[in-house]
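Structure first, commentary second.
FYI, side chains are in, hydrogens and waters are out, and symmetry mates aren't considered; it's all heavy atoms of this structure. Per chain, numbering begins at 1; letters A, B, ... match sequence-line order.
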Protein chains: 4
Amino acid sequence: MRSEPTPAPPPAEPREGARTFIELARRRQLVDAAVATVNEVGYHRASLAEIARRAQIAKSAVVYYFASKEGLLLELVGTVFAALGESVLAAVEVIEEPAARLRAYAEAYVAHVDAHRHAISAAVEVAVSHRTAEGTPLYLINDDDDTALLRSILRAGMEQGAFTEIPLDVATGLVESVLDRAITLVQRDPGVDLGELRAHVVPYLFRALGVDDG
Amino acid sequence: MRSEPTPAPPPAEPREGARTFIELARRRQLVDAAVATVNEVGYHRASLAEIARRAQIAKSAVVYYFASKEGLLLELVGTVFAALGESVLAAVEVIEEPAARLRAYAEAYVAHVDAHRHAISAAVEVAVSHRTAEGTPLYLINDDDDTALLRSILRAGMEQGAFTEIPLDVATGLVESVLDRAITLVQRDPGVDLGELRAHVVPYLFRALGVDDG
Amino acid sequence: MRSEPTPAPPPAEPREGARTFIELARRRQLVDAAVATVNEVGYHRASLAEIARRAQIAKSAVVYYFASKEGLLLELVGTVFAALGESVLAAVEVIEEPAARLRAYAEAYVAHVDAHRHAISAAVEVAVSHRTAEGTPLYLINDDDDTALLRSILRAGMEQGAFTEIPLDVATGLVESVLDRAITLVQRDPGVDLGELRAHVVPYLFRALGVDDG
Amino acid sequence: MRSEPTPAPPPAEPREGARTFIELARRRQLVDAAVATVNEVGYHRASLAEIARRAQIAKSAVVYYFASKEGLLLELVGTVFAALGESVLAAVEVIEEPAARLRAYAEAYVAHVDAHRHAISAAVEVAVSHRTAEGTPLYLINDDDDTALLRSILRAGMEQGAFTEIPLDVATGLVESVLDRAITLVQRDPGVDLGELRAHVVPYLFRALGVDDG
DNA sequence: TATGAATGAGATTTCATTCAT
DNA sequence: AATGAATGAAATCTCATTCAT
């Protein structure tokens, strides 16, 4: 009988595109539950069952909203780092002068980590631990995007003579490492007080980069 | 009524204490295989089967020598970080002056990471990803020991006025973060050239700590 | 105490009996989608979701119209084989003489398979693969009905001495097997050309049954 | 530490190559259990759990001996059809003349199906129902191999004028279809008596192929 | 000293079905 | 008339560990 196979229209279940209000709420709720789970039991014990239990929902509902566990984890990592990126961008974009931009960047970065420590901790642990089906770790995906802003600040500063000349990659990496100290601390102790770090990190960076902080 | 002279206890099971030569060789072989496995497939796919296959040994032999998978992983992390500690200690202990000691420490640290990148990468991934039965991550175990030497160098430098005054914890953490940039790099790309980093890391640290490097 | 005139019962649920036009259209649409799905991904991956996606309809609508997945599959198999039966019946019923009836039967059968290969392929795969809740395969249901016409032709032919004497069951089965070669071919390759088979199948059957095809 | 990753030696668990006696026994036992399961509940309800239950073994043991459920099924199909192939080959290879070879082929084929009806039924159902990960049905794999012998017999017979001239593909397919009637019968009723079929199938084929069976 | 065999717990994922709207 | 949301059952597979030898 008439059966001309139609070439598979988009799936009827929630994927991409227009999302219901309730769907968005559920997705947010599940990402939150995933953050909590990773923080409490660690990435590799954060099973769907554990996450679903914290969200008070059935395991299969997680798969209903995200196509797979990996889908949920990628959303977690994506949204958390996107938020961090937006924070620093908002702080930096209104400023012109390189040293001031670097200060704004660093302060916004550490402040954001301080304010969103649970989410950041979880996202970093996932990014470090998770591997895609082909074995690629997440931190290898979109590597440049994340550091592009910092790199551009440092480049401008060196070109204008405001910062000591150091190979751009080295400088970017070292500044990033210093800022990531905040992450390391909240990962080790979610209740840690970042006050002292926040007080000293900008002077430390300024000295390291030879900024004349008169 | 302890009168019957109890016969000497049976020779220790391959656990602690006196270890035969062959046993030590096997343990080293297994740690090597674990390092290779973690580097190739990542911590959370580094199963006993995968490790045993690389060691060309039976899965059950791993348990025979280490009692559990966790035993092997702890040994891996322990030996790798002990070796790093020994490298820096050897480099530092013949020197007196704080700035020179810091230079020696930093150079030895990065050189060791450079030379043992596979082992370091694996150990760090395990330390970050693994959790004990109680859920404790490995990087929380013996945390202070690892930084004690660096902390003492920095303390001395500040007391003598060679380094800028910064809260000791903050300073230690920031220096550590900078040095760990080497680890981040080899984790992202096992073939990376650390030359530029090694050339600039000490000047960077010296500036950051206000060392007068005349 | 039946005194209150009970109001007319609500219009029948979309089950049996009078069916609205839209309902019939939906059912046909869903059967078509099921045929396409089975052909594309095979019976045991032809899930409700997959079928509904091809019909551009919600999964739950399938259940709404057919009560269960099995209902849809039974309808698919039923309608497809009914159509085949009608084709051969129409071809045969205007003819009297056994050999001519057999020729008409065979030609109509293979022609129908040729013309409706997608539907036939799917129906056969479902009939072979599906089991009811009690474990009965579908090809065991209504077995005799399908072969009754062929059997009657052969019986008449043998009684009249037009066909070689063979036990009726054996003869019917062997003729059926030969005709089903057409189905096997379209199942293996939906694009196959049945021309050669159609040219040779009747002579082959006539020889096998000893028909004097002068 | 020393970690030159060795390029993954063969797995330590039972795969290919040298097989223990006990391993061979287990594999045979599991194939038998799979045959029984498929016959009793049908292909697509023949789960690992069901198979393991019949073999009185743990589910995971099935995966221990075959790498996956598919591995077991492929072995089932492979061994069953190999045995059928060997039966007919042994019957045919001592004979020269085409008509006699065809008779031997047909009789051996049906006799083997008769004698191994359970295994054949299960293998056919699996071959029809199973799809590989890419969606290919099993009956599309190695299609030619199975019919090569029959085809060569028919070709020789036609070249020598012993059989009616029919396109080789058509002839081979039709003979196969006729012989497969035996399979259809045992699939429909595992206890069926094939006596009548066996008595009439060769004369039927001989007539169909125009063999002068004086 | 070492291993092959076997297992049980748990992980992800699929899916038909239910139900309120 | 139709659907989105949600679920529970079951399926395959992974894996550390145990044990007799």
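Among dT18(E), dA5(E), dT12(F), the nucleotide with an atom closest to any side-chain atom of I22(D) is dA5(E). Distances from the side chain of S47(B) to the nucleotides dC13(F), dA16(F), dT3(F) place dA16(F) closest. When the nucleotides dT7(E), dA5(F), dA16(E) are ranked by their closest atom to the side chain of T20(A), dA5(F) comes out on top. The listed nucleotides are dT14(E), dA16(E), dC13(F); the one nearest the side chain of K69(C) is dA16(E).
Annotation: of the two residues near DNA chain F, R45(D) and A58(A), the 5′-most nearest-nucleotide partner is A58(A). Two residues, A61(B) and A49(A), neighbour DNA chain E, and the one matched to the more 5' nucleotide by heavy-atom proximity is A61(B).
Taking each heavy atom of L76(A) and A122(A) in turn, the nearest pair found is CD2-C, 4.4 Å. Here the closest non-hydrogen pair linking R54(B) and V41(B) is NH2-CG1, 4.1 Å.
Spacing between atom CZ of R26(C) and atom C1' of dA1(F) amounts to 9 Å, rounded to whole angstrom units. One atom, CD of E70(C), and another, P of dT17(E), lie 8 Å apart when rounded to the nearest Å. When the C1' atom of dG8(F) is taken as reference, atom CG of L48(A) falls 15 Å away, rounded to whole Å. Taking atom CZ on R53(B) and atom P on dT3(E), their separation rounds to 16 Å, with Å as the unit. What separates OH of Y64(A) from C1' of dG4(F) is a distance of 5 Å, to the nearest Å.
For E125(A) and H130(A), the side-chain atoms include no donor-acceptor pair closer than 3.5 Å.
At the heavy-atom level, S60(C) lies under 4.0 Å from base atoms of the strands shown.
Within residues 124-131 of chain A, no residue has a heavy atom under 4.0 Å from DNA chain E.
The aromatic rings of H44(D) and Y43(C) lie perpendicular to each other, with more than 60° between the two planes, well past the 30° mark.
Remark: dT3(F) base-pairs with dA20(E); criterion is Watson-Crick or G-U wobble with both hydrogen-bond distances under 3.5 Å. Look at dA11(F): its Watson-Crick or wobble partner, with both distances under 3.5 angstrom, is dT12(E).
Taking 4.0 Å as the cut-off between side-chain N and carboxylate O, R26(B) and E23(B) do not count as a salt-bridged pair.
With sequence neighbours left out, the salt bridge (Lys or Arg N to Asp or Glu O under 4.0 Å) criterion links R45(B) to no other residue.
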